There are 4 protein chains.
Amino acid sequence: MILIRIDPYSRSPIYEQVIHRISELIMVGDLKNGDKLPSVRTLARDLGVNPNTVQKAYAELERRRIIYTVSGKGNFVGERDVVSRQVSDRLLESLREAAVAARNNAIPYQTVATLVERVYDETDGEGKDE
Amino acid sequence: MILIRIDPYSRSPIYEQVIHRISELIMVGDLKNGDKLPSVRTLARDLGVNPNTVQKAYAELERRRIIYTVSGKGNFVGERDVVSRQVSDRLLESLREAAVAARNNAIPYQTVATLVERVYDETDGEGKDE
Amino acid sequence: MILIRIDPYSRSPIYEQVIHRISELIMVGDLKNGDKLPSVRTLARDLGVNPNTVQKAYAELERRRIIYTVSGKGNFVGERDVVSRQVSDRLLESLREAAVAARNNAIPYQTVATLVERVYDETDGEGKDE
Amino acid sequence: MILIRIDPYSRSPIYEQVIHRISELIMVGDLKNGDKLPSVRTLARDLGVNPNTVQKAYAELERRRIIYTVSGKGNFVGERDVVSRQVSDRLLESLREAAVAARNNAIPYQTVATLVERVYDETDGEGKDE
DNA sequence: GTGGTCTAGACCACA
DNA sequence: GTGGTCTAGACCACA
């Protein structure tokens, strides 16, 4: 029973939220290579969204080789390395953009550095000890 | 003659690009309280975009009290403090989101810290000496 | 007025037919860098299919950087080189598979070679001279 | 003991893989007229697939008169000529389609001809000497 | 006008 | 049961 939740009020599309959340679950090890994902219909029902929306997310995840489809059987988690490379690239790029914007708007380095530090000091709300 | 440039191919809407660029010019001091902005039509022509798009940007900037309109005279730059507070809030918030995403995806603190450092070490190509 | 036609009876999905046909038109030079493609709705009407189907084709073409989208304006043809590389790769790969299958099934080299020759001797039905 | 192997991750349906592989074994002479094929259940077990899937493959092979069923006894290999004609037709047709696509996409004749030559120069890894 | 997302629901092939 | 394609039609942001 995986924990995928979506925020219907977010401006980011539902299918993207699903993509990100599944990537995240693989990144932190809650989903492992070969694990079966919930079927399109099951996940759609659980999330209260249309199957097409889940289908779109799964199709994109497969295209990125983050998951793979076995016809008639379902979708399965691919290798963590594949996700890792892509996710790191994307996240670091968006982090970089945010930092550049901060710098270009005269926000002091120290402010940014402190903020990052604090984020990493926080518990992420999922039961991390320490 | 202000230098506002937009990237028509970017996925971020043109009107937002205008908002961000004007905010930035105020933040770094290239635009000062009371400076007159180009008229909607002038800027639209210069940028090669639809006047409605510039109008939308100006309207939003006015709504945020970053600029003000004197009817019959034009649009003028508001007080830097007003922009500063808003821009900082927005930028730091998006920086925070990026950092949280990085942390949630098991990207090490050191990687993020180093990236931020490097960004601030770069010259931003807009006339910083050194 | 571009000539995109689809075969509703083909087993290959409509959206793939659209993708292939547009790639082809770029490859042979009938569509050039910067050319505007018909809008999603227009093409859908012309082909007698649902706009979602065209949307899916365009989205995939954009993902492959064969076309690009300018928000609010439409879809435009990208650089021929990008298409060329991808299309060649795909076509030669499928050609290779077909040749391997022929060889593995004891079909003589000469039969295959002659067939390929004949195909290239044919006029392709679009008015090529010679 | 015939060597039929399937790739469960392939996009081509398992039942089709079985059909093609059995046809191939007949074409190269590893299966001869009158040879007994493994039973549906045996083959299904060996391949780790659902018996329905093997059943579907056998049914289609019988429909094409490539194999025949003796009720109560099992399935047997038909005459090589029957397979030969069909397989050649299919393979040459798909080869033709690939060649036409290549030509329509401005891929030079020489490129295609060389590719075919090379394929036939390769050892196919199934025990050809030299 | 443009493209992007989404729901509701059908139909198909495959296992 | 599984995923893939498609229609019909709505709603939204953007130019």
Side-chain angles (χ1 to χ4, degrees), chain A residues 6 8 10-18 36-44 47-62 67-76, chain B residues 6 8 10-18 44 47-57 60, chain C residues 6 8 10-18 36-44 47-62 67-76, chain D residues 6 8 10-18 44 47-57 60:
Chain A
I6 53 151
S10 161
R11 43 272 256 66
S12 90
I14 298 172
Y15 79 90
E16 272 192 10
Q17 295 185 44
V18 173
K36 188 174 186 312
L37 291 166
S39 80
V40 170
R41 287 165 174 81
T42 304
L43 185 52
L47 298 179
V49 302
N50 191 283
N52 282 335
T53 304
V54 174
Q55 172 64 28
K56 188 170 183 177
Y58 277 15
E60 176 63 14
L61 283 164
E62 199 198 1
I67 68 175
Y68 59 87
T69 303
V70 180
S71 136
K73 295 216 167 170
N75 290 283
F76 301 84
Chain B
I6 54 145
S10 162
R11 0 354 214 20
S12 92
I14 295 173
Y15 86 95
E16 271 192 10
Q17 294 185 43
V18 172
L47 298 179
V49 302
N50 193 301
N52 289 336
T53 305
V54 174
Q55 179 56 43
K56 183 167 183 178
E60 177 63 14
Chain C
I6 54 151
S10 161
R11 41 275 256 64
S12 91
I14 298 171
Y15 79 91
E16 273 191 10
Q17 296 184 42
V18 173
K36 189 172 185 313
L37 291 165
S39 81
V40 169
R41 287 166 175 80
T42 304
L43 184 53
L47 297 179
V49 302
N50 191 284
N52 281 336
T53 304
V54 174
Q55 172 63 29
K56 188 168 183 176
Y58 277 15
E60 177 63 14
L61 284 164
E62 199 199 0
I67 68 174
Y68 59 88
T69 304
V70 180
S71 137
K73 294 218 169 170
N75 290 283
F76 300 85
Chain D
I6 53 145
S10 161
R11 6 344 219 24
S12 92
I14 296 174
Y15 87 95
E16 270 191 11
Q17 295 184 43
V18 173
L47 298 180
V49 302
N50 194 301
N52 290 336
T53 305
V54 174
Q55 178 57 44
K56 184 166 184 177
E60 177 63 14

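Each chain gets a letter, A, B and so on, in the order the sequences are listed, and its residues count up from 1. No experiment lies behind these values; they were computed from the predicted model shown.
- Within the structure, every side-chain polar atom (N or O) of C:Q55 is placed at least 4.0 Å from both OP1 and OP2 of E:dG3.
- When the nucleotides F:dG3, E:dG3, F:dC14 are ranked by their closest atom to the side chain of A:N75, F:dG3 comes out on top.
- Between the NZ atom of B:K56 and the CD1 atom of B:I14 there is a distance of 11.0 Å, given to the nearest 0.5 Å.
- For A:N52, whose side chain is taken as the heavy atoms from C-beta onward, the closest listed nucleotide among E:dT7, F:dA15, F:dG3 is E:dT7.
- Relative to the side chain of C:Y15, the nucleotides E:dC6, F:dC6, E:dC11 differ in distance, and F:dC6 lies closest.
- Nucleotide F:dG3 holds its P atom 13 Å from the OH atom of A:Y68, rounded to whole Å.
- Residue A:V70 is out of contact with every strand shown, counting any heavy-atom pair closer than 4.0 Å.
- When the side-chain nitrogen and oxygen atoms of A:K73 are compared with OP1 and OP2 of F:dG3, none of them lie within a distance under 4.0 Å.
- When the P atom of E:dT5 is taken as reference, atom OH of C:Y58 falls 17 Å away, rounded to whole Å.
- To the nearest 0.5 Å, the span separating CD on C:Q55 from CD on C:E62 amounts to 9.0 Å.
- Both B:K56 and A:T69 lie near DNA chain F, and the one whose nearest nucleotide falls closer to the 5' end is A:T69.
- Atom-to-atom, CD1 of C:I14 to P of E:dC12 comes out at 14 Å; the value is rounded to the nearest Å.
- Side-chain proximity of A:N50 to F:dG3, E:dG3, E:dT7: nearest is E:dT7.
- The nearest whole Å value for the distance from the CD atom in A:E62 to the C1' atom in F:dT2 is 13 Å.
- Between C:K73 and C:K36, the closest heavy-atom pair is O-CE, 3.3 Å.
- The distance between atom CD of C:E60 and atom P of F:dG4, rounded to the nearest whole Å, is 13 Å.
- When rounded to the nearest whole Å, the span between CZ of C:R11 and C1' of E:dC14 equals 15 Å.
- Comparing A:E16 and C:T42 by the nucleotide of DNA chain E that holds the closest heavy atom to each, the one mapping nearer the 5' end is C:T42.
- For C:S71 and E:dT2, the shortest distance from a side-chain N or O to OP1 or OP2 is not below 4.0 Å.
- Pair check for F:dA10 finds E:dT5; Watson-Crick or G-U wobble, both atom distances under 3.5 Å.
- Remark: C:L37 CG to C:T69 OG1 distance equals 9.0 Å, nearest 0.5 Å.
- Nearest-nucleotide positions on DNA chain E place C:A59 closer to the 5' end than the other of A:T53 and C:A59.
- Among A:T53, A:V49, A:L47, the single residue meeting the side chain to side chain contact (heavy atoms under 4.5 Å, CB included) criterion with A:V18 is A:L47.
- Looking at A:R41, its side chain comes within 3.5 Å of the base of F:dG3 through a donor and an acceptor atom.
- Following rounding to the nearest Å, A:K36 (NZ) and F:dG1 (P) show an atom-to-atom distance of 12 Å.
- A heavy-atom distance below 4.5 Å is not found between the side chains of A:S39 and A:Y58.
- When the C1' atom of E:dC14 is taken as reference, atom CD1 of D:I6 falls 13 Å away, rounded to whole Å.
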